[in-house]
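Reviewing the structure listed below.
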Protein chains: 2
Amino acid sequence: MSQTAVQARSERYEELLRAAAECFQSRGFAATSIDTVARHLGATKGRVYHYFPSKMDLFNAVRERAMDLVFAASDDGYAMQGSPAERLYEMSAGHVRSMIDDLPYMHVLVDGLQMLRYSTTTQFQREAMEAHLARRDVYEQRFREVVVEGVADGQLHVGPQLSVTIQSFMGTLNGPVFWYRPRGDDTSESRQAIVDDVVRFALSGLGLNEESITLYSSQSRKVFA
Amino acid sequence: MSQTAVQARSERYEELLRAAAECFQSRGFAATSIDTVARHLGATKGRVYHYFPSKMDLFNAVRERAMDLVFAASDDGYAMQGSPAERLYEMSAGHVRSMIDDLPYMHVLVDGLQMLRYSTTTQFQREAMEAHLARRDVYEQRFREVVVEGVADGQLHVGPQLSVTIQSFMGTLNGPVFWYRPRGDDTSESRQAIVDDVVRFALSGLGLNEESITLYSSQSRKVFA
DNA sequence: AAGGAAACATACTACTTGGTATGTAGTCAA
DNA sequence: TTGACTACATACCAAGTAGTATGTTTCCTT
């Protein structure tokens, strides 16, 4: 294939992936048919099956892409220099920002974790699911690690059962996928204001004092596209 | 009908409702067929349709029951004498306790709110949905009201956008439906420990100081069945 | 005892859906 | 130009599902 052909294919693939994410977001996995996704693109099943061998593969592709995005969103904070609380702030802000900016993908990501429910039948699907869960564990472990460091140096406080607190914390960061919906009049700044409030609540839940939160918030580089 | 017959029917109805809740919990609405629910009871469709005219009616019945339960769970705290923070603590503890104790119903409740997604077709279903949402608003309004009082008297602190903080707060209280699963070895006390941690995180997120949380926690009557 | 209603089970229909098999228009290299 | 290949669309099938119509058994009332 020529160079432009490769790029064209990649663009079509992305278009399909996003359409699938939007459909899965708005109707859920089971209620979304392949025809639904195709119609959403003004196409037919043929196009979908040309790129993905099955509905589950399409769904998995969306999930993995979402995982890529959320990793990328918290990478900077995780890698940065600074106190655990400060790093956690940046990781959280990146995560929440991604929840809002990549809403369709992130909705599928969060929703898909619930999908352990659909007792996935085939062996291959089970493997894909386990690989996905492994990535998720790695991701959560990042946050858990930084939280524990923050507790150790006294900036953060957790309840007797760390895992419960972590679940509550991560759940708060994921929260926007359930209630945020883009509006015509929201700007990058208005989105950032939402991110700030969510992160403030989450870190306050970990016992970080308000002064530190306000400080980190003001220090955080907020690049508005 | 005789008295015992009425009671028998009520018991069968409850049995069906619970079975439906469990199926909807584990597979979601779209992926749950009427036959699934029936098989879960060791019965057939006939029995389900004898009590409910349609799948959607069954689902709505589960949701309304869940709403009843969650209202009841926070009633005592809402009605009690005390500071806003103290009342909010009790309301939250009752809410979270209910999330854990009535997990199948509550999962459907939380999940069902997402179901605005399924663009409900018929007029009747839309009315049921709106009635349900109205109840939910009343419920959330209770919490919002007490939070606002707590902010007014200085015990609680929220971000610039109250609604975002409230969403995060309620989301935290609902969190257990996503990650808590009953285990063979959990007792009423171990469940209460989870409740305590979730409520601690949530109220800490609202800026309530740790001493107050610990105080309310110790004061809270914890009746272990 | 008899009649009827309640509480289901069984059988069936119309429709949807995941997946496949096949057709076809455009593209591109030789 | 032509043959192969890409990128779909169309037609089709088997399986599953919501809902209905019709038994059948048990129980309650009279």
Side-chain angles (χ1 to χ4, degrees), chain A residues 1-20 23-24 26-62 115 117-125 128, chain B residues 1-20 23-24 26-62 115 117-125 128:
Chain A
M1 269 196 294
S2 70
Q3 184 59 32
T4 59
V6 168
Q7 189 169 353
R9 181 181 173 96
S10 170
E11 281 170 15
R12 303 292 271 172
Y13 178 90
E14 290 298 322
E15 197 180 357
L16 223 164
L17 204 62
R18 168 157 285 271
C23 291
F24 287 139
S26 62
R27 302 171 203 216
F29 176 77
T32 299
S33 74
I34 299 289
D35 285 307
T36 303
V37 177
R39 275 197 304 271
H40 191 62
L41 284 163
T44 64
K45 285 158 77 138
R47 180 165 169 195
V48 178
Y49 279 104
H50 182 68
Y51 289 86
F52 297 94
S54 78
K55 181 182 175 183
M56 200 60 192
D57 283 285
L58 176 58
F59 187 78
N60 284 334
V62 173
M115 196 185 280
R117 305 185 299 187
Y118 312 137
S119 47
T120 43
T121 30
T122 81
Q123 177 63 22
F124 185 72
Q125 286 171 13
Chain B
M1 268 197 294
S2 69
Q3 183 59 31
T4 58
V6 168
Q7 188 168 351
R9 180 179 174 97
S10 171
E11 281 170 16
R12 303 293 273 172
Y13 178 91
E14 290 298 323
E15 198 181 356
L16 221 163
L17 203 64
R18 167 156 285 269
C23 291
F24 288 139
S26 61
R27 304 172 202 213
F29 176 76
T32 298
S33 73
I34 299 289
D35 285 307
T36 302
V37 177
R39 275 197 303 270
H40 191 61
L41 284 164
T44 64
K45 287 159 80 134
R47 181 166 169 195
V48 178
Y49 279 104
H50 182 68
Y51 290 86
F52 298 93
S54 78
K55 182 182 173 182
M56 199 61 192
D57 283 284
L58 175 58
F59 186 77
N60 284 333
V62 172
M115 198 185 279
R117 306 185 298 187
Y118 312 137
S119 47
T120 43
T121 31
T122 80
Q123 176 65 21
F124 184 73
Q125 286 171 13

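Because the structure is a prediction, the values reported are computed rather than measured. Note: hydrogens, waters and symmetry copies are ignored here, and every other heavy atom, side chains too, is used. Throughout, a chain's letter reflects where its sequence line sits, starting with A, and its residues are numbered from 1.
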> Does the side chain of B:Leu16 reach to within under 4.5 Å of the side chain of B:Phe52, using non-hydrogen atoms?
Replying inline: yes
> To 10°, what angle do the rotation axes through the five end pairs on each side of the helix from C:dA1-D:dT30 to C:dA30-D:dT1 form?
Replying inline: 0°
> Under 4.5 Å between any side-chain heavy atoms of A:Arg12 and A:Arg9, yes or no?
Replying inline: no
>> Distance check, rounded to the nearest 0.5 Å: B:Glu15 atom CD versus B:Arg47 atom CZ?
In response: 4.5 Å
>> Rounded to the nearest 0.5 Å, what separates atom OH in B:Tyr49 from atom CG in B:Asp57?
In response: 10.0 Å
> In Å, rounded to the nearest 0.5 Å, how long is the span from SG of B:Cys23 to CD1 of B:Ile34?
Replying inline: 10.0 Å
> Do the side chains of B:Asp35 and B:Arg39 get nearer than 4.5 Å, heavy atoms only?
Replying inline: yes
> For B:Asn60 and B:Ala128, which heavy atoms make the closest approach, and how far apart are they?
Replying inline: ND2-CB, 3.7 Å
> Taking atom CZ of B:Phe29 and atom CE of B:Met56, what is their separation to the nearest 0.5 Å?
Replying inline: 5.0 Å
> Could you give the CD1-to-P distance, from B:Ile34 to C:dC8, as a whole number of Å?
Replying inline: 15 Å
> Could you state the OH-P distance from A:Tyr13 to D:dA7, rounded to the nearest angstrom?
Replying inline: 14 Å
> What is the distance, rounded to the nearest whole Å, between atom CG of A:Leu58 and atom C1' of C:dT17?
Replying inline: 15 Å
> CZ of B:Phe59 versus P of D:dA18: gap in Å, rounded?
Replying inline: 13 Å
> Can you check whether B:Arg12 has a side-chain N or O nearer than 4.0 Å to OP1 or OP2 of C:dC8?
Replying inline: yes
>> Below 4.0 angstrom, which residues in residues 35-53 of chain A have at least one non-hydrogen atom near DNA chain C?
In response: A:Lys45, A:Tyr49
>> I need the CG-P distance between B:Leu16 and C:dA7, as an integer number of Å.
In response: 12 Å
